[in-house]
Amino acid sequence: MEPGDDEEPPLAIAIDHEIPPQRTIEPDASQSPCLPVAQPVGVTVITGYLGSGKSTLVNHILNTQHGKRIAVILNEFGEEIGVERAMINEGDDGALVEEWVELANGCICCNVKHSLVQALEQLVQRKERLDHILLETTGLANPAPLASVLWLDDQLESDVRLDSIITVVDAKNLGYQLKSHHESSSFPEAYHQIAFADVVILNKVDLVSYDDSGVVLEDLEKDIHAINSLANIIRSVRCQVDLSMILNCRAYDATHATHLEDLLRENRNLSTSDIHDSGVRTLCVSELKTVNLEKVRMWIEEILWDKKYGMDVYRCKGILSVANSDQLYTLQAVREIYEIVPARKWKDEENRINKIVFIGRSLNEEILFNTIRDCTV
């Protein structure tokens, strides 16, 4: 709400310490068992360095006539406590409803997991069904802890699901931020935010010219893909992007066919070299032999949990060809949290292969290739 507006002050919503348990209704045998089940509401995390254009993106989404009910949770800071402002786009008419939700700490990515879960639960339990929730993080927030809360958190049950992580970067200043990393501790989050991203919006491209210190958009995109070769890059001016490219991406849906097919048919080299002395890179390992599923679990846990080989893995995504199974398994990991699940049957025309992409720091290609072979049958 802009200063001086004549609107009523936003409604303050108190967060109860306990969320009321949902009443369980036993199914009526006389009723049809095929009633539609409400799908979880997708949550998109928007992150990016200060000044990159996150608020511009939020405003674009809130003011676009898309016919969807979208809630946007914005970080605000008080002197002692944080306040979360939820702006809800009411759909076709573009009307906005503002609600203020008080949290124990303004930084969602720190120690407010319980309050965040409660805030999200209260949003999805509104009488008016939401189509999507956007969560804008603070400028220096590392999205990893937030992703772990939203992805496989038991407390959220099935009310919400992590859809994707979108990182907005400033095309004018990104090169400077990345190159300055090894000389200063001011920009480490620029790497993290790109490394964890499913979509990178390369914003303010109109401010970049070929004569501007030799910085060109193609070079910036190479730098982004050097950190995270799986990220989809969208160029934009003032974050004017097609919403179909950033909403309902289903990046964490193990059965989403698009991501599987991309990995299966990917021809370009997904492995990259370190840039700017950051040590952050993408590394892809492949293995043609089928693998033992339990050995793969142990292998991943040694890498993610035990740090046995000294590698700091931010994200991991892959497909697995499991011995004695006709199912294509998918592997996803964010930091220490991982999931391996069957997605679908292998097709007759497909070449069964194990392909795993690691994004992180100090990745050792030789060790990864050798140790995945130890999982084969």
Side-chain angles (χ1 to χ4, degrees), residues 144 147-148 151-152 182 191-192 194-198 222-231 251-252 254 259-343 346 350-377:
S148 67
W151 180 28
L152 296 176
H182 67 284
Y191 284 91
H192 290 152
I194 292 173
F196 286 106
D198 301 293
K222 288 178 182 178
D223 282 352
I224 292 171
H225 274 147
I227 298 171
N228 179 352
S229 64
L230 292 178
Y252 291 81
H259 304 295
L260 297 178
E261 303 310 317
D262 286 346
L263 276 175
L264 284 169
R265 66 169 177 261
E266 186 62 73
N267 294 320
R268 65 185 172 90
N269 185 10
L270 291 171
S271 297
T272 63
S273 301
D274 302 350
I275 64 168
H276 308 314
D277 301 323
S278 71
V280 181
R281 63 180 294 203
T282 301
L283 202 155
C284 180
V285 295
S286 300
E287 173 56 54
L288 294 175
K289 295 181 179 179
T290 58
V291 294
N292 179 289
L293 189 56
E294 288 308 310
K295 287 184 178 180
V296 171
R297 292 186 189 278
M298 293 176 60
W299 174 63
I300 287 294
E301 289 169 9
E302 286 179 344
I303 293 172
L304 301 181
W305 297 357
D306 303 335
K307 312 293 182 186
K308 181 176 178 180
Y309 307 106
M311 291 179 280
D312 189 9
V313 176
Y314 298 163
R315 287 197 65 175
C316 177
K317 181 179 289 189
I319 52 177
L320 300 173
S321 174
V322 176
N324 303 317
S325 174
D326 62 353
Q327 294 290 310
L328 183 155
Y329 280 72
T330 62
L331 162 66
Q332 280 225 64
V334 176
R335 284 296 192 183
E336 290 82 11
I337 300 178
Y338 79 93
E339 178 183 58
I340 300 176
V341 294
W346 284 95
E350 289 176 336
N351 294 321
R352 294 185 53 156
I353 190 174
N354 301 280
K355 183 182 290 186
I356 305 173
V357 178
F358 293 89
I359 301 171
R361 188 186 301 273
S362 304
L363 301 180
N364 188 307
E365 188 170 8
E366 183 178 359
I367 288 177
L368 288 174
F369 272 110
N370 290 337
T371 52
I372 192 175
R373 287 198 186 100
D374 294 337
C375 300
T376 60
V377 177

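In this text, all values refer to a predicted model and were calculated from it rather than measured experimentally.
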- Message: Working to the nearest 0.5 angstrom, can you tell me the gap between C316 SG and L331 CG?
- Response: 4.0 Å
- Task: Keeping the roles fixed (side chain from R315, backbone from F196), state whether a donor-acceptor pair exists under 3.5 Å.
- Result: yes
- Task: Show your working on side chain to side chain contact (heavy atoms under 4.5 Å, CB included) between V296 and L320 and close with a plain yes or no.
- Result: CA-CA 9 Å; V296 171; L320 300 173; 4.0 Å; yes
- Query: With no hydrogens and no angle check, do the side chains of R361 and Y314 hold a donor and an acceptor under 3.5 Å apart?
  - Reply: yes
- Sub-4.5 Å side-chain heavy-atom contact between E365 and L368: no
- Query: Salt bridge or not for D312 and R335, using N-O below 4.0 Å?
  - Reply: yes
- Got a second to check how far Y309's OH is from T371's OG1, nearest 0.5 Å? 5.0 Å
- Distance (rounded to the nearest 0.5 Å) between L288 CG and I353 CD1: 5.0 Å
- Side chain of Q332, backbone of A251: donor and acceptor closer than 3.5 Å? yes
- Looking at CG of L230 and CG of D198, how far apart are the two atoms once the value is rounded to the nearest 0.5 Å? 9.0 Å
- Task: Report the C-alpha distance between E339 and Y252 in whole Å, list the side-chain angles of each, state the deciding distance to 0.1 Å, and finish with yes or no for side chain to side chain donor-acceptor pair (under 3.5 Å).
- Result: CA-CA 10 Å; E339 178 183 58; Y252 291 81; over 6 Å; no
- Message: Go through it in stages, so that I can follow the logic: the residues are R352 and D326, the test is salt bridge (Lys or Arg N to Asp or Glu O under 4.0 Å), and I'd like the CA-CA distance, side-chain angles, deciding distance and then a yes or no.
- Response: CA-CA 10 Å; R352 294 185 53 156; D326 62 353; over 6 Å; no
- Heavy-atom distance under 4.5 Å between the side chains of I340 and R297, does that happen here? yes
- Would you name the heavy atoms of V357 and C284 that are closest together and state the gap between them? CG2-SG, 4.0 Å
- If you take all heavy atoms of V291 and V377, which pair is closest and at what distance? C-CG2, 3.9 Å
- Taking C-beta and beyond as the side chain, do F358 and T282 meet within less than 4.5 Å on heavy atoms? no
- Item | Criterion side-chain contact (heavy atoms from CB on, under 4.5 Å) against V280, the qualifying member of I227, I194, L363 | I227
- Taking the side chain as every heavy atom from C-beta outward, state whether Y338 and E301 have any atom pair closer than 4.5 Å. yes
- Task: Starting at CE of M298, measure out to CG of D306 and round the result to the nearest 0.5 Å.
- Result: 9.5 Å
- Query: If only atom types and distance count, is the side chain of W305 paired as donor or acceptor with the main-chain N or O of E336 below 3.5 Å?
  - Reply: yes
- Query: Within the side chain of N228, is there an N or O that forms a donor-acceptor pair under 3.5 Å with the backbone of A197?
  - Reply: yes
- Task: Might you work through the side chain to side chain contact (heavy atoms under 4.5 Å, CB included) test for C375 and N292, ending with a clear yes or no?
- Result: CA-CA 6 Å; C375 300; N292 179 289; 5.7 Å; no
- Task: Mind checking the CG-OG spacing from L293 to S321? Nearest 0.5 Å is all I need.
- Result: 11.5 Å
- Message: Can you give me the closest heavy-atom contact between N364 and M311, atom names plus distance?
- Response: N-SD, 3.2 Å
- Message: Among T376, I372, N354, which residue satisfies the side-chain contact (heavy atoms from CB on, under 4.5 Å) criterion with K289?
- Response: T376
